[in-house]
Amino acid sequence: GEQVEGRQAVRELLVAGRRRVKEVLVANDLEPAPILEDILELAEARWVPVRHIGRGKLDTLTATSASQGVLARAQQLPEHDLEELARRRRPTPAFLLALDGVTDPGNLGAVVRCAEGAGVTGVVLPRHRAVHVTPAVAKAAAGAVEYVPMALVGGLPAALQKLDQLGVWVVGLDSDAERSVFELPLGDEPICLVLGAEGAGLSRLVRQRCHAVAGIPLTGQLNSLNVAAAGAVACFAVARGRAERAEHAAPGTSPVPDATE
């Protein structure tokens, strides 16, 4: 996460102000645009040095194929503790998203972007055999990595077991599940939605650690969705279900789903 590329990603890095930005590099052949003006004004307001350099030189420094002529260097993203994310209660109980072996940067970035929009309060990533926040991920996330806390864990099955001990309801997303994600008995308890890897889906041990497994009902000819698309549907389904349950819950009650239903 130290290098951020792309206009929207750099703009959100500066807007969020959650980590120190060392410098912003801008190609000197760019046409004027409102978002470029925003970036320059935000950098000036935050005392961030801006360097205008040749397009060729900038391209040699970028890690993605479409930096849009803007690159920023910043401190690393802060790493959060799993227990810290699980115990969050404000403004609502924790809504976590765990990724089981997702390796494509574009998919991770798109998932984080959708997760932020759906109100996910934390993302859990395994340290090994999975992609972390790279320039490509930050660009695909369009700045969402600045707002969603992330925890790196040694092994996802052990992390899910820990979440169980902390009172978090763990729901795996799997295309073969009989239960629909739109029919989950959601309450106001902390929840962790688990997405499987591209193609392989949930690993056996991760699936065993889930209290429930749900799928997205499909009515077309294809029998699966890309992990980013599936993650978006599932995140907003959970967000909507939790909001509706909160509206209908009687004052002073705390509906808890029955994982055996």
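Along the sequence shown, residues are numbered consecutively beginning with 1. On a predicted model such as this, the values are computed, not experimentally measured, just so you know.
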Rounding to 0.5 Å, atoms CG (Leu125) and CG (Leu156) come to a distance of 9.0 Å

Say you draw a straight line from CZ of Arg7 to CD of Glu12; how long is it, rounded to the nearest 0.5 Å?
15.0 Å

From Cys192 atom SG to Leu166 atom CG, the distance as rounded to the nearest 0.5 Å:
11.0 Å

So, are Arg179 and Glu183 salt-bridged, with charged N and O less than 4.0 Å apart?
no

Does Arg11 CZ have over 12 foreign heavy atoms under 6.0 Å away?
yes

Should the heavy atoms of other residues, nucleotides or ligands under 6.0 Å from CZ of Arg55 be counted, would the total exceed 12?
yes

Indicate the atoms forming the closest heavy-atom contact of Pro93 with Glu189, along with that distance.
CB-C, 4.0 Å

Side chains of Gln68 and Leu30, heavy atoms from C-beta outward: is any pair under 4.5 Å?
no

Is there a donor-acceptor pair under 3.5 Å between the side chain of Asp100 and the backbone N or O of Ser203?
yes

Test Asn28 against Leu58 for side chain to side chain contact (heavy atoms under 4.5 Å, CB included), laying out the working first.
CA-CA 10 Å; Asn28 56 19; Leu58 182 72; over 6 Å; no

From Glu116 CD over to Glu146 CD, what is the distance, rounded to the nearest 0.5 angstrom?
11.0 Å

Verdict with supporting geometry, Val206 and Val194, side chain to side chain contact (heavy atoms under 4.5 Å, CB included):
CA-CA 9 Å; Val206 164; Val194 188; 3.8 Å; yes

Minimum heavy-atom distance between Ile216 and Val181, given as atom pair plus value:
CG1-CG1, 4.1 Å

Side-chain contact test, heavy atoms from C-beta onward, threshold under 4.5 Å: evaluate it for Val124 versus Leu97 and give yes or no.
no

Are any non-hydrogen side-chain atoms of Leu152 and His132 less than 4.5 angstrom apart?
yes

Under a 4.0 Å N-O cut-off, is there an ion pair linking Asp164 with Arg209?
no

Side chains of Glu5 and Thr62: any donor to acceptor distance under 3.5 Å?
no

Interatomic distance, CZ@Arg242 vs CG@Leu184, rounded to 0.5 Å, equals 12.0 Å

Above 12 or not: heavy atoms from other molecules or residues under 6.0 Å from CD of Glu79?
yes

Around atom CD of Glu44, are there more than 12 heavy atoms from other residues, nucleotides or ligands closer than 6.0 Å?
no

Take Met150 and Val145 through the test side chain to side chain contact (heavy atoms under 4.5 Å, CB included) and record every step on the way to the result.
CA-CA 8 Å; Met150 298 188 188; Val145 296; 3.9 Å; yes

Just wondering, are more than 12 heavy atoms of other shown residues or ligands nearer than 6.0 Å to CD in Gln76?
no

For side chain to side chain contact (heavy atoms under 4.5 Å, CB included), just list the numbers for Tyr147 and Val112, CA-CA rounded to whole Å, side-chain angles, deciding distance to a tenth of an Å, and then say yes or no.
CA-CA 10 Å; Tyr147 302 104; Val112 173; over 6 Å; no

Straight-line distance of Arg51 CZ to Glu23 CD, nearest 0.5 Å:
4.5 Å

